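Working notes for the structure below.
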Amino acid sequence: QVQLVDSGGDSVQSGGSLKLSCTVVGTRTSTFWMAWFRQAAGKKREGVAAIYSGGQTIYAHSVQGRFTISQDNDKNMLFLQMSTLKPEDTAMYYCAYSRRVPSWSVVLDPSSYNDWGQGTQVTVSS
C-alpha cells in the first residue's frame, strides 16, 4: 500500500499554465499505473491522464495536446503539466495508483485505482 500526496493546485486565469505534483510514500510494485483524475462540483470523477511504469501514456480527449503527464521514478513523483487552461478545467485534481489495470479500455476509469491522494484544487477564471 502507498500513500499519495497531491500538491500544486492554484487559481489561474484562462490560458495560463500550472504544474501539479504527486509524491508517493511507500514502495510501489515493479509495474504499475498512475493517473490524474478530476472532479468538478456536482460532477462525476473523470480520468484526465495516466502513465504506466514503463512510460506509456494515455489522455482524455478533453486535455489531449494541452496536458502532459510525467513521472520521476527515482524520486517517486508524478506530475501533470497543464497548459492553455480553460474554465472548464476547474476541479479538484487527484492522483491515483494501481498495481494492475486489466485493459487499456479502463485505464482512465476510477474503479481501476486502489490508492488516492487527498486532492488539490485547480480554479481557472475567464
Side-chain angles (χ1 to χ4, degrees):
Q1 188 176 358
V2 299
Q3 290 183 315
L4 307 176
V5 181
D6 308 315
S7 62
D10 205 346
S11 296
V12 297
Q13 291 196 325
S14 182
S17 299
L18 207 56
K19 186 174 184 177
L20 305 183
S21 300
C22 174
T23 301
V24 181
V25 180
T27 303
R28 293 177 291 187
T29 49
S30 57
T31 58
F32 56 84
W33 279 95
M34 291 203 71
W36 288 98
F37 289 81
R38 66 186 182 188
Q39 188 166 16
K43 294 189 176 181
K44 292 182 178 180
R45 189 168 297 190
E46 63 172 354
V48 173
I51 187 167
Y52 185 57
S53 47
Q56 295 95 323
T57 59
I58 187 169
Y59 294 90
H61 290 303
S62 59
V63 305
Q64 186 83 41
R66 299 189 299 121
F67 290 11
T68 302
I69 189 171
S70 62
Q71 61 188 353
D72 184 333
N73 289 337
D74 290 338
K75 295 183 179 179
N76 278 4
M77 294 193 73
L78 178 73
F79 304 100
L80 184 69
Q81 177 67 53
M82 305 184 292
S83 303
T84 319
L85 283 161
K86 304 175 182 180
E88 51 263 44
D89 294 318
T90 294
M92 186 72 81
Y93 283 70
Y94 301 88
C95 68
Y97 165 84
S98 177
R99 300 166 189 79
R100 179 180 175 273
V101 174
S103 72
W104 276 89
S105 65
V106 293
V107 168
L108 292 179
D109 186 329
S111 65
S112 297
Y113 292 81
N114 313 107
D115 299 285
W116 293 84
Q118 81 286 359
T120 186
Q121 178 68 37
V122 173
T123 303
V124 185
S125 58
S126 57

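Values in this document were obtained by computation on a predicted structure and should not be read as measured data. Numbers here simply count residues along the sequence, with the first being 1.
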Does the side chain of Q81 reach to within under 4.5 Å of the side chain of S70, using non-hydrogen atoms?
-> no
Between A91 and A40, the two heavy atoms sitting closest are CB-N, 3.8 Å
Partners passing ring-ring contact (aromatic ring centres under 6.0 Å, His included) against F37 (at least two apart in sequence or in another chain) = Y113, W116
Between the CG atom in D115 and the CZ atom in R28, the distance rounded to the nearest 0.5 Å is 11.5 Å
Using side-chain hydrogen bond (donor to acceptor under 3.5 Å, both in side chains) as the criterion, list what pairs up with T123, not counting sequence neighbours.
-> Q121
Exceeds 12 heavy-atom contacts within 6.0 angstrom, atom CD of Q3 | no
Just by distance, do the side chain of S112 and the backbone of V106 share a donor-acceptor pair under 3.5 Å?
-> yes
Would you indicate whether the side-chain heavy atoms of D6 and Q118 approach each other to under 4.5 Å?
-> yes
Classify the ring geometry between Y52 and W33 as parallel (under 30°), tilted (30 to 60°) or perpendicular (over 60°).
-> tilted
Inter-residue atom distance R66.CZ - S83.OG, 0.5 Å rounding = 9.0 Å
Just jot down the side chain to side chain contact (heavy atoms under 4.5 Å, CB included) partners of Q39, sequence neighbours excluded, or say none.
-> R45, Y94
Heavy-atom pair of closest approach, residues A60 and G47 | CB-O, 3.4 Å
Check against side chain to side chain contact (heavy atoms under 4.5 Å, CB included), N114 and R100 | CA-CA 9 Å; N114 313 107; R100 179 180 175 273; over 6 Å; no
With a cut-off of 6.0 Å (strictly less than), are more than 12 heavy atoms of other residues, nucleotides or ligands near CD of Q64?
-> yes
Should side-chain heavy atoms under 4.5 Å link Ile, Leu, Val, Met, Phe, Trp and Tyr, which residues sit in the same cluster as L20?
-> V2, L4, V12, L18, V24, F32, M34, W36, V48, I51, Y59, V63, F67, I69, L78, L80, M82, L85, Y93, Y97, V122, V124
Test side chain to side chain contact (heavy atoms under 4.5 Å, CB included) applied to D72 - qualifying residues, sequence neighbours left out | D74, K75, F79
With a 4.5 Å limit on heavy-atom distance, are the side chains of R38 and D89 in contact?
-> yes
Identify the two heavy atoms, one from G9 and one from T120, that lie closest to each other, and give their separation to 0.1 Å.
-> N-OG1, 2.8 Å
What pairs meet the disulfide bond (SG atoms under 2.5 Å apart) rule with one or both residues in residues 5-118, with sequence neighbours excluded?
-> C22-C95
Distance from M77 atom CE to S7 atom OG, nearest 0.5 Å?
-> 6.0 Å
